[in-house]
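One structure is given below, encoded as structure tokens.
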Amino acid sequence: MENSAGTRQTLPEMPDTHVVSGAVYTDKAIFEDEKRRVFGQCWHLACHESELGEAYDYRTFDYIGTPLIAIRGGDGVVRTFMNVCSHRGAKIIQEPSGNAKRLTCFYHLWSYDDRGNCVDIPRPEAYESSGLKKDDCGLFEVRTETHLGLVFINLDDKAPPVADYIGAALDPFADSLGSGELEVFHYNRAILHANWKAWQETNLDLYHEWMHVLLRRTQVGEGSMNTRVVKSFENGHTMGGGLKASYDKYKGMAARDPGMALPGLGPDDFFFVDLWPNAALLARGTAIRIDVVTPIDEKTMLVEWRGLGLKGDSADVRRTRMQHHNQYWGPFGRNVPEDAFAAEACELGFRHGAATRQLIAREEGGKGQDDGMLRAWYAEWARRMGRSPANPTNAIAPD
Amino acid sequence: MALDAEDFTAFIDLCSTEFDYRITVYSPEIRKEMIWLDQDYEGMRALLEMVPQHLKRLGTLKRHVSVYIIDHDATAAIATVTSSFIVTHTDPDGVSQLFVAGTYYDEVDCRGDRYLLKRRRAHLETRDLGIGSHIPI
Amino acid sequence: MSARRYQDRARPPNLRSEDYVSGQVYRDDGVFRDELDTVLGKVWHFACHVSEVPEPGDYRTFLHALQPLFVIRGEDEKLRCFFNTCPQCGARLLGDGAGTAARLRCVRHPGQFDWSGRVVASAQSEDNAESDVLSAAPRLREIHAETKNGLVFVNLDDAAQPLDAFLGQGLEIFDGVFGDDGVEYEVFHFHRATVKANWKAWQETIVDLYHEFMHVVLRTTQMTAAPMSARDMRVYPNGHLAIGGLKADYDNYKGYSARDGSAAFPGLTVDDARFTPLFPDTTIITRGTVMRIDTVTPLDPHRTIVESRGLGIKGEPEADRLMRMRHHNDYWGPFGRNVPEDAFAAEACEKSFGKGAGRYQIIARDEGGRGQDDLMLRAYYKAWSEMTGRLAHSPGNT
């Protein structure tokens with residue numbers, strides 16, 4: 001009785017690479033380490049450049065407890081600053097998006113420009129005796145780079161450029177994202193009650209397509225398991241490709257019109273790339289979805305979903321594209337609510353130790369429903385964290 | 001609906017010039033009935049006109065009203081209306097929460113072409129209003 | 001000079017240490033525990049106004065330094081303060097915020113106490129108040145309570161100095177207001193709100209004059225009504241503060257009207273504004289016709305109960321009372337113009353300091369104790385440092 005209650009703490013005879021301990025989802029110290037070693041050092045996909053279309057457009061967001069604001073400068077360059085007033089620490093801009101040449105704090109009306117310079121302090125003469133200078137009161141700037149229309153930030157000033165970090169991982173999106181013709185038409189966000197990695201896993205795990213009625217009908221039997229490709233890249237990025245979908249096999253859906261396919265995509269293509277650690281880009285012929293997951297704490301996460309189409313879409317085409325997107329991926333769609341359900345269900349298993357581990361042991365030679373993406377993801381986690389996912393409470397390498 | 005949309009002109013247009021508005025609430029702590037807002041027609045108009053200049057609660061408020069009793073006095077051409085309301089607050093991230101629950105005691109002036117709100121007492125059950133609100137309920 | 005590098009955010013400002021405060025004072029659990037013990041556990045805390053407990057047996061419950069307490073008026077008219085817990089089993093006694101109780105009953109067992117905290121019945125002997133069992137049974141745990149100018153203060157510290165010594169001259173700007181013979185005040189307004197911010201962030205919205213730029217009504221009614229040089233900030237021992245010399249032109253704000261002819265409180269003209277933040281958690285503010293008393297009560301480093309009271313004169317004509325309510329609500333009610341903005345500000349600071357994004361705040365304004373000087377903020381944090389034994393600019397260091 002290998003799995004009897006008495007022996008559930010015993011790990012199966014498997015290489016460490018094929019097992020993930022429940023502690024990676026629940027341990028507070030591990031989460032604190034992740035904030036530093038993962039989120040403090042990796043490139044984070046903040047938004048799509050179409051969300052900052054014009055000069056002085058801004059987007060605000062929180063990243064690991066830090067309020068940030070990305071703003072397109074008068075020179076067209078997107079920069080990111082801490083959205084925190086240098087004076088009394090108030091969060092400066094509260095709205096998620098807007099357009100402003102001056103970022104003015106509501107509290108004492110200190111103002112900053114699009115480069116983060118402090119440009120106005122009301123009644124400044126009272127600071128003369130203290131020696132405080134406007135020049136010392138600029139906002140703190142966070143590194144920002146744009147790659148294939150995606151705006152990335154990095155809290156680590158010494159990290160290599162984002163293009164080096166991503167390497168070849170986004171090549172499958174070069175024609176679509178790289179066309180400069182895409183824009184975001186869908187955005188929603190939700191707080192999910194699970195560890196952030198449980199969401200990322202839903203985009204790394206091909207085997208779970210059994211959970212989705214929609215995928216069982218439209219995807220599992222289409223093409224061949226042999227034509228699927230599971231790949232990994234430098235820095236932990238991964239890809240699942242070569243999937244095909246017959247959309248008309250699900251009641252109420254229709255085959256995609258080839259004329260609506262996005263640049264570089266066939267109408268029934270499906271592939272996805274996971275950018276380590278917390279982003280996933282999914283392409284289904286007529287629409288692209290981008291997921292970003294950000295932890296709030298070790299058991300709560302924020303997931304943001306974006307849907308992309310062509311800037312030049314006619315109203316009719318856009319409507320159809322939205323329908324296609326929403327069928328799978330909207331909050332009232334068939335798939336995403338199931339993934340969220342799964343992530344929260346795993347949390348319930350791991351939270352108090354009822355489940356102690358999960359297996360990522362499927363091997364199909366990098367095809368079919370191979371767990372290769374999950375293993376590659378956790379191999380990078382092990383490298384960054386200095387911990388083995390199978391036995392993570394013992395650090396294997398010093399800081 | 002006009003207040004939800006922050007279309008204050010439209011709201012004022014529904015009020016009689018004799019409009020008399022109060023938000024009341026009972027405090028079990030000091031054991032007294034309190035008034036938390038007390039405005040006439042002109043006062044309400046000025047208060048609403050100034051709202052856009054203030055640093056107000058972010059997001060939107062939405063009022064949900066169920067009418068319980070309508071009592072129409074044909075001679076005086078006045079209807080008194082008692083309604084239950086809840087107001088939800090939706091923050092800029094799209095998260096909705098209950099902000100306040102209470103009862104409206106209204107008097108509607110039915111003399112003219114249009115019915116006009118002559119008197120409103122918004123009696124609150126909720127007493128912890130967090131940061132409060134620049135917009136009346 | 002352009003923006004600063006994110007990586008440099010932990011570097012302290014290039015200022016004198018008294019001119020800035022570390023964000024750790026708002027979020028650190030160790031700092032918070034010390035505040036409970038060494039600050040809130042030692043100071044006199046405003047509990048309620050005497051008008052809230054007018055008759056023997058009237059009580060008022062509240063939380064202070066996370067301790068459930070209540071003030072009750074005894075048969076002898078004396079106000080006493082007790083822990084709102086049964087000394088035998090720890091269960092709560094009074095569930096409501098206020099009321100009148102013939103006896104204080106434990107919710108869990110038959111223990112009963114009178115208004116002076118003595119046991120009058122217990123599980124062992126319910127009917128025999130004179131038995132040995134009762135005389136040996138523990139009384140309610142009592143803490144110091146004293147009254148000054150109708151304000152009831154309590155102190156958790158058994159070795160506390162008398163209230164008068166703690167306050168010193170801290171209430172002097174209200175001498176004419178409270179001192180007038182025959183005037184009795186009463187509370188007509190009470191609002192308790194939970195604000196998602198550190199308790200000191202709320203107190204700062206009072207102590208900080210510079211932030212009047214945030215309030216439309218202060219920009220229009222106060223900043224121009226009297227010269228900055230007429231403002232008079234005072235710092236007293238034990239961290240108490242006061243400011244006088246503020247004036248208001250109420251008719252400069254649309255919808256307000258000048259308050260000429262309205263019944264101002266004794267010692268004040270209708271356009272006077274004065275306030276005194278009593279260290280560390282109470283403020284008394286007057287604006288000619290109205291008086292507000294605020295207390296802040298922390299629940300944890302990130303959540304605070306703010307209680308706000310409005311006072312009028314006992315027995316005044318109804319028209320005056322309605323006038324005071326209106327004036328109070330104009331600025332200070334939950335649907336008023338100012339207080340929701342202050343709460344907004346406190347919560348916006350929490351969003352940066354609460355999780356450690358914001359590192360420092362600057363309190364370096366010097367206007368010779370006038371205008372919008374940060375003098376009072378510096379004095380507040382000086383008193384805080386003295387009591388906690390931690391440095392406000394670097395609270396990890398003692």
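Chain letters run A, B, ... following the sequence lines, proteins first and then strands; every chain starts at 1.
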I need the minimum non-hydrogen distance between [X] and [Y], along with the two atoms involved.
X	Y	result
C:Cys349	A:Tyr107	SG-CE1, 3.8 Å
A:Ser130	C:Leu15	O-CD2, 3.6 Å
A:Met82	C:Ala357	CE-O, 3.0 Å

Quick check on [X] against chain C: is it the side chain, the backbone, both or neither that has a heavy atom closer than 4.5 Å?
X	answer
A:Asp156	both
A:Lys134	neither
A:Ser86	both
A:Ile121	both
A:Arg123	both

Can C:Arg4 be said to sit on top of A:Phe140's aromatic six-ring, NZ or CZ under 6.0 Å from centre and within 45° of the ring axis?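 Yes, cation above the ring, under 6.0 Å and within 45°.
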Are C:Arg365 and A:Tyr127 in a cation-pi setup, meaning NZ or CZ lies under 6.0 angstrom from the ring centre and within 45 degrees of the ring axis? yes
Is [X] in contact with chain A via its backbone, its side chain, both, or neither, using a 4.5 Å heavy-atom distance?
X	answer
C:Arg16	side chain
C:Tyr20	neither
C:Asp366	both
C:Glu341	neither

Which members of residues 91-100 of chain A, sorted by number, sit under 4.5 angstrom from chain C on a heavy-atom basis?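 Answer by number: A:Lys91, A:Gln94.
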Chain C contact residues among residues 26-35 of chain A, heavy-atom distance under 4.5 Å: none
Would you mind telling me which of [options] has the largest number of heavy-atom pairs within less than 4.5 Å of chain C?
options	result
A:Thr66, A:Ile64, A:Leu155	A:Leu155
A:Gly116, A:Cys105, A:Cys85	A:Gly116
A:Gly131, A:Gly89, A:Gly65	A:Gly89

Is the closest basic N to carboxylate O distance between A:Arg88 and C:Asp208 below 4.0 Å? yes
Spell out, as yes or no, whether a donor-acceptor pair under 3.5 Å connects the side chain of C:Tyr210 to the backbone of A:Pro122. yes
Output yes when a side-chain donor or acceptor of C:Gln7 lies under 3.5 Å from a complementary backbone atom of A:Asp157, and no otherwise.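 Yes: the side chain of C:Gln7 pairs with the backbone of A:Asp157.
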Would you give the length of the straight line joining atom CD1 of C:Ile362 to atom CG of A:Leu132, rounded to the nearest 0.5 angstrom? 5.0 Å
Quick one: does A:Ile296's side chain get under 4.5 Å of C:Lys355's, heavy atoms only? yes
More than 12 heavy atoms from other groups under 6.0 Å of NZ on C:Lys247: yes
Where do C:Phe353 and A:Val84 land on the side-chain contact (heavy atoms from CB on, under 4.5 Å) test, with the steps shown first? CA-CA 9 Å; C:Phe353 288 124; A:Val84 172; over 6 Å; no
